[in-house]
Each structure stands twice: as structure tokens, then as C-alpha cells.
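Values below: every heavy atom of this structure, side chains too, minus hydrogens, waters and symmetry copies. Here the structure is a predicted model, which means the values were calculated and not measured. Quick note on labels: first sequence line is chain A, next is B, and so on, each numbered from 1.
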Amino acid sequence: MNFITTIGLEVHIELNTKSKIFSPSPDEYGDEANNNTNVIDWGYPGVLPTTNKQVVADGITAALALHSKVNRHPHFDRKNYFYPDNPKAYQITQHDIPDAQGGYVTIHTGGKTKKITLTEMHIEEDAGKNTHGIKYSYVDLNRQGAPLIEIVSDPVISSPQEAYDYLETLRQIILFSGISDVKMEEGSMRADVNISVRPIGQKKLNNRIEMKNVNSFNYVKRGLEYEEKRQRQILMAGGTIQAQTRRFNENTGKTTLMRTKENADDYRYFPEPDLPSLDISDEWINELRDELPEMPSKRKHHYVDDLGLSSYDANVLTQTKQMSDFFDQMIKDGADAKMASNYLQGNVSAYLNSNQIELKDTKITPKNLTTLINLVKKGTISTKMAKKVFKAVTNGVEPNQFVKKHGMVQLSDPSQLKPIVDNVLTSNPQSVDDFHNGKDRAKGFLVGQVMKKTRGKANPQMVSKLLSEALNK
Amino acid sequence: MNYLNKNMTGVHKQLMNGDITSEELTKQTLDNIKKTDTKLNAFIDLNDSKALDDSKAVDQKGIDASSLLSGMPIAIKDNILTKDLKTTAASKMLSNFTPIFDATVVKKLAAAGAINVGKTNMDEFAMGSSTEHSVFGPTHNPWNLNKVPGGSSGGSAAAVASGEIIAALGSDTGGSIRQPAAFNGIVGMKPTYGRVSRWGLIAFGSSFDQIGSLTRNVYDNASILNVIAGHDKHDLTSSDKAVPDYTQNIKKGVKGLKIALPEEYLSDGTDKNVKDAILKAAETYKKLGATVEKVSLPHTKYGVAAYYILASSEASSNLQRYDGIRYGYRSKDANNLAELYVKSRSEGFGDEVKRRIMLGTFSLSAGAFDAYFKKAAKVRTLILDDFKKVFDHYDMIMAPTTSTPAFDLGSKTSDPVSMYMNDVLTIPVNMAGLPGMSIPAGFSDGMPIGMQLIGRPFDEGTMYQAGYAFEQNTDFHKHFPKIGGAK
């Protein structure tokens, strides 16, 4: 028997706004428990939510980045359930009229291009966090009310690898749109995963299995692989698939039953009466569209078609928005594209890796790095000198000043170099003879002598050129 | 000191003239409440020492000539948050709950110089029409201690009617200001939904709830709305429409005013004496130069059923936060999380609250949502359309506030539906978010009858104008209950 796999993903992404979605508390949750909370986050009697406009703007930005249709009057709804990390016992979300509908993500998977279409996306609040001690359980509400965007794909993903590629691409788009840092380790991107397997030829989908809150792309892939296999085996043995919610165990690589559909929660959705429908104007959408950063796919095309980079280089440079923005600024500042690309992938990446920091947290600026590259290109300094200058650049020092201060200017002027070359030739007749007798290595020795006399400042290419001219006379 | 013969303008004059200080007034007010309230039980908690401190502070600053409320003692319904003063919603669930902030209305009143002397009794979480559903026991009607004061703002109404206080805040979700105002022969205004901030009001039915005041006369009521109305950045459902001075045109009369009298509000279910009082009031208005014509609001009869589904649905969600985890009552013998929830809520809520939580939870459940909540929401739209059609041709609606005068204590507690039907004439106003006001319009066997004026959205001004004109030409507001000791 051969099978078709159908996968749909609901991805939750934590937005990076300053304050929470419905309260003015700071949207930070690494701090001491319950520090970043107020009466609204506690679900205190008598409080009312107020909508953070930036969250709505970010929702629109995401919709635009994903080619979705923005709803002009989205409305919030209440999703009711009891849990200690959910102080109002309801979550404010969008159920009936979400932020946006439709849209797609273009992914490259298995050597092909595929459009993953989207059902809808909406904004909602996150819950707090429970921790369980021996005698007590503890509730930290710092994360309560943190703004989330949920992006729901159509059930059009047909393999675990495709799901993985979709998540990677989606992550990159969100990162470039600037609305989230998408830090996986902080759980700022999580997925609810649905998978249904059926034999080829069967039209109707079999019951689906849901895995909730999977917080790593790898776990998503491994969980789906396990489920695909498990469901195929059931079908091959003549069994039927029960609708279930299952949990992926990252230690065993297996999924285990959480609950069956009969025990599913009834969330009793209804319109949130404390918040009027939003009113989103065309002007606002247009404004956000104008501010929308260029997406990675577009940047890649630009790098390859206009700047002449290889598609490998273009891919590497667009891994993060920071790197790509940095590169773009260098080009604007007058850097050579290939040299800038090499520098970023070489020296800069090595520096970031060895110091375990992000580009934005360094003192390296596009301007200084461009100046450095141009000094090398013009031959003002040697590649060897450039290494020292780069170190200075990482400390925020301006390259021209550094070079001047340390007398690092490369000797490239023939009128200055010629007398030194002549002097070296006169002092080393043996080597000159060797050269004429066909020993090419002798030339290297002579170059070395010039370098020594100039204490390394001579431009090696120029020295080599002058020597050749003199020796071949 | 009681306020039976007083109005705010007069008391303000006394304060301004130095005939009495705010501190003296506050002390005498508190003394009288302590004496009278043994019979009425209108107050849950008094603000003794803080009220005296506040009044002293006003005296020291000097009475503000531009604020009628400067140094004026008032009372607050106990579902409105008062900082450092217990706010219980008359529930065991919150019987020890002391808020850490003031509701917006409380802040505004304090800024105007008003002195909060205490918190008034009510039906638990404002769910009821008799103030019998209070964990602190029922409030009695000052006109007849064996009758209910109405509800849920029964404490506020009884306190004002008995002269314990000159004005009190209430809240109205389905009639909770107007019905007790009618039962106690005083003035009670439920403003347009969105006119007054709900920040700090313990939520019952969020799309219906509105804070307003209960006063001894129309002018005082308009003066208080001047202070509490307006946009609040904490409440996105509050309107940013400018707040007019509601007293400015209050004396203009009703000449040329087109008043509608809906037939459905004078049906056979309405007590004959009540009907007669309203028809007589219509004659009074005609004499004063208004036109009064009968109209139809055909969907009125569906109001109660739809309201109890919608308001209970919202309540079931609003009251979920009382789960024993963070504040409020927590059961002592729970062994796990599920038990903590079930026991805290089973022990902390009274029967009427539980009844509505169950009704609301059911109405929102997956299998019932379309047939109940959604259908009721459609009825709500039809009721709103009924009113819109009438207001295309009329400036105001007049009707009875309740079908009958106050009923006997205990007579309806075992029959919830008959209790719910008590709000049949007030509920449609909340369904449509309109302003509604009850003013004294007669007596039936010694018990007051209330007339309800219903206005266009944000047209409280016209209602005050019409209410004032009626008051000036009748003397129902000059009768006092015996409890206050007056004749």
C-alpha cells in the first residue's frame, strides 16, 4: 500500500513589542517572576483590556509579508478554559474575524519550488507559566499577555521535510519583517501540528492527529516522521486512525496519547465584549506596506542579478536580516560586492563565532568595514595589514586613522620603491645570477629582501613587478 | 442628619456659607446611617475614618464653589472598586477583597470633592432584582420594611430613599438602577452604554453594564453625570463624545417634545395602578406642551429571554477568574487543582450566581451556541431596530419602569423566572445600549411607582429636561418614607 500524507501547521510567533498586547506591562519574561505584570495581567476584578496598536500593526505587517488579505474590521473573541497560568480563565484571541486571511509561503524543497497556502492569521495573548515544586506549584505571569501571532497553513504540506522547510522559510520571512526575533530557545516560535495519512486513491482524509506546542523545527520533523510511520502501520494492519491529541517526546522520539476527541475542551468562543472591532484604514495598510523591509527572496535575486554574487553567497548573506542589512549598507557606502561578501562570510563570521555574539552587538560598522575593504582594494594596505586593521575595526576604530597612526601605509609608489629594488639587486648578485639561470625561487628571495628593507610596508605586487622589469632588462 | 428634605444645591450652599463643615456633615451622615441601617441593611461597609479624614481635607482646602459635590457625602455600590476599602460584590467569594486601585468613577468623584462614606448592599455580583441575593442579608424597603427595595442596586436606592445619603452610585445591567429607583420613589439614571467608564466596575454582563447614580431629584442626578461621564483610556468601550453640561438646559421644559408611549409596556401584565400613573403622566406632559403618541416596540416580549442568555453568557466568562488561585475565597479542603476550582466556586458563589453561570456556560457550549447565544444576539439587533424606528419620529419614550410596585420580601426567591420577569420593561434599554431613567410618578397602596424615560443614545440631556419638567409639576418626590422619621 502507498500513502499520502497531509500536514497542516499552526505556528505561534511571539512578537517583539515593548509592551504586552492588552496591558502596558513590559513584554519581557526572563525577569524575576511576576515582575512585569499589573492588574490587567492578573485578571483582577474590574479591569479591562486595551489593545496595543503596535501589535495590530505587526499583525498587518506579517499579513503583508505573507501576501494575505488584511481584514478591515477584525474582532477579538474569548476562548474560555480554566488553568492557573490563565488568570482570567479566558484567552483573548481572534476566532470569528481574524487579522488576515489567505496568503502563501513559497518554499524550496526537494529541488522544487512549492507554494504553501495559508488559511488565516490572527493576533492573541500568550498565557503565563506554571512551575511545580514538591509542596507548591508556582505561577509566573510575566509571559501572560505577551503578544502572539498565529499563522495557520492550509493542509497542503505533504511530508515532514516539507514541514521543516516551510517552518525555516516562514521563520526567515518573519525575521526579515522585523516583528519578532524568532528566538527558538526562548520559545518564541512554536507549532501545533496536524497530520493525516491515507492510502493513495482514497479521496476522503482520515482522522487527523494533533501535536500541540512543539517548540523546535527538528521535533516537528521527527514527530511527524514518527506519526507518518505509526499511522501507515495502523492502516496496513487494517486498523483505523482515531482523532487524537498526542505529545511528542523528544527523548524517545515517539508520540504518546494525550487525549481523544471525546475529551476535547469546549472553549465556548464568543465575541470579546470589552473590545470594539478594530478599524483598519487603507492609509494604515499602505503606510505599513511602504515600511515593509525587502524579503529574503527578493534580496537574493538582487544580489545575484544586480551585484553578480553566486547564489551560494546570496543564500548565506540572507540567512539573517542583520547580515543582509549590513551588507546592503556596505554596498551603499561604496564597497565592492564580492569583497564585502567575502569579508562578511570570512573574517566577520569567524569573529562572531569565536566570540559567540550577534553582529548587532559588535562595534563593527558597515562604514568602517567598507573603508577597510577599499584600503585593501586600492593597495593602500596589504591583506596582512588588513588583519590588524580588522581587529581595530572590531573595537570600533576608524580604519584610516588607525592606518595613519601606526604608519601602516603600504609602499606602492614605484618612484619610492625603485631605488630600494636597485639596491637589493646590487647587494645580491648571486641571486640575480641564479634567477637568470632559471631558478625562479631566487625572485622570491629578492622580494623578501625588499620587504625586509621596507619593514613589510612595500606592496608585494608592485615589488614583484619592479623586480621583473629590472631582471628582464 | 438625614437628607429627606434636602437637595445637593441646598447642602452645597450650607457648606459654602459655613453653616456646616464637610467634616460635621460627614460625621452626622455616618451617625444617622449607623442608626437607620439597623432596620434597612443598606450598607455593607462604612468608610468611617477615611471619610472623616477626606472631609477634613476638603474643609482645609475650602469648599469648591464650582463643584456641587465638594465636601458632599455620597455612597458607592459595592461592586465598584474602592482603593483600600473592601469591595465584595455582596459575595462570599470576595467578602475579604480589598482592591489596590479606585474605579475611574470613584477617582472622578473624589476629584470633584465628594466624600465616600461607604459601600452599599446589592444582589451578589449584581445578579438579582431584590437585593435578597446578598451574602450580607437582604436590604429592606424604607417605605415598607417587609418589601424588597428592588435590585441589584437595592442598597443604594434604600439609602437614598431613606435619607441616609443624598446620592449613591449604582450599576445597571438589566434594570439594576432604574427598578430599585422605582421601588423606592427616587431618581435613577442608567446612562448610554459607553457614557461612563467601566474601569473598576466588577464585570457582570460587559456589553450591558453601565454605572449611573441614584438621587433624590433630577437636577442632582444630572450634576453627578456631569462628573462621572466621559472617555477613559482604560475602557475602550467608553465613548469619546464630548460631555455636555447636563444641567444647562434642564429647565427648558418639554414644549414641542415628541414623546412615544409603547403599547407593549402597558400590556395586561402591567398593574392597573402603574398603568394609570403612566397615562396620567402622559396627560401631564401634554399639558406642558409635549405630544404623546402610542407606538409599538414589537420585539419587547423576547427581551427577557434573550437578555438572560446573553448577559449570563458574558457573566459565565467574566466570573471564571474567581477560581481560588489568586484572590478571593479559596476552599480549605481541596486535594488537587480540579477540586480547588470546583470547591472554591461551589462554596464561594450563591445560588443565583451559579444558576446564571450554568445558563451562560450552556448557552456558549459548542452544541448550543447557534440556537441560544447567536439567536439571542439576533433578537438584540431586532430590539435595537425597534427603538431606532421609534426614534426616527420621536425625541423620547415614556413607559413604566416596572409592571408592579415593590413586592414582598421572600415572595419570589423560589421562582427565578417570575423574578426575571420583573425586569421586562428595563431590559430592552440595556439590550439597545440606550439611556434610561426612572423618576417618581405615583403611589400604589403607599408604595412608589416609577416612570421610565428612554432617550436616544447620548441624549441624557433631553431626558433630564423632561424629568425635571415632570418633577416641577408633580409632588411625588415630596413624599417621604416613614423609616427616616419624617412625615
If you compare all heavy atoms of [X] against all heavy atoms of [Y], which two are closest, and at what distance to 0.1 Å?
X	Y	value
A:Pro271	B:Phe373	CD-CE2, 3.8 Å
B:Ala366	A:Asp266	N-OD2, 2.7 Å
B:Phe101	A:Pro45	CZ-O, 4.3 Å

Does [atom1] belonging to [X] count more than 12 external heavy atoms closer than 6.0 Å?
X	atom1	value
A:Arg246	CZ	yes
B:Tyr372	OH	no
A:Arg247	CZ	no
B:Lys375	NZ	no
A:Lys129	NZ	no
B:Lys107	NZ	no

Worksheet entry | Rounded distance [0.5 Å steps], CG in B:Leu340 versus CZ in A:Phe82 | 11.0 Å
Practice prompt. Measure the CD1-CH2 distance between A:Ile40 and B:Trp199 for me, rounded to the nearest 0.5 Å.
Written response: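 CH2 of B:Trp199 is found 4.0 Å from CD1 of A:Ile40.
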Item to complete: Mark yes or no for whether B:Arg321, through its side chain, and A:Tyr44, through its backbone, hold a donor-acceptor pair below 3.5 Å.
Response: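 Yes.
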Practice prompt. Look only at the side chain of B:Tyr341 and the backbone of A:Tyr83, and say whether a donor-acceptor pair between them is shorter than 3.5 Å.
Written response: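 Side chain of B:Tyr341 to backbone of A:Tyr83: a pair is present.
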Can you find a heavy atom in the side chain of [X] that is under 4.5 Å from one in the side chain of [Y]?
X	Y	answer
B:Glu314	A:Phe270	yes
A:Trp42	B:Ile100	yes
B:Phe208	A:Pro273	no

If I measure from the heavy atoms of chain A, does [X] come under 4.5 Å with its side chain, its backbone, both, or neither?
X	result
B:Asn318	both
B:Ala103	neither
B:Leu236	both
B:Phe362	neither
B:Lys233	backbone

Discussion item. Please classify the contact of A:Pro49 with chain B as side chain, backbone, both or neither, using a heavy-atom distance under 4.5 Å.
Written reply: backbone
Worksheet item: Under a 4.5 Å heavy-atom cut-off, does chain B meet the side chain of A:Ser137, its backbone, both or neither?
Response: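 The answer is neither part of A:Ser137.
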Practice prompt. Check the pair B:Thr361, A:Arg268 against side-chain contact (heavy atoms from CB on, under 4.5 Å), reporting the backbone distance first and the verdict last.
Written response: CA-CA 8 Å; B:Thr361 304; A:Arg268 292 170 284 126; 3.7 Å; yes
Worksheet item: Using a distance-only test with no angle check, is there a side-chain donor-acceptor pair under 3.5 angstrom linking A:Asn80 and B:Ser317?
Response: yes
Practice prompt. Verify the distance criterion only: is there a donor paired with an acceptor across the side chains of A:Arg78 and B:Gln320 at less than 3.5 Å?
Written response: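 No.
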Worksheet item: Can you tell which of B:Asp232, B:Asp235, B:Leu201 makes a side chain to side chain contact (heavy atoms under 4.5 Å, CB included) with A:Leu48?
Response: B:Asp235
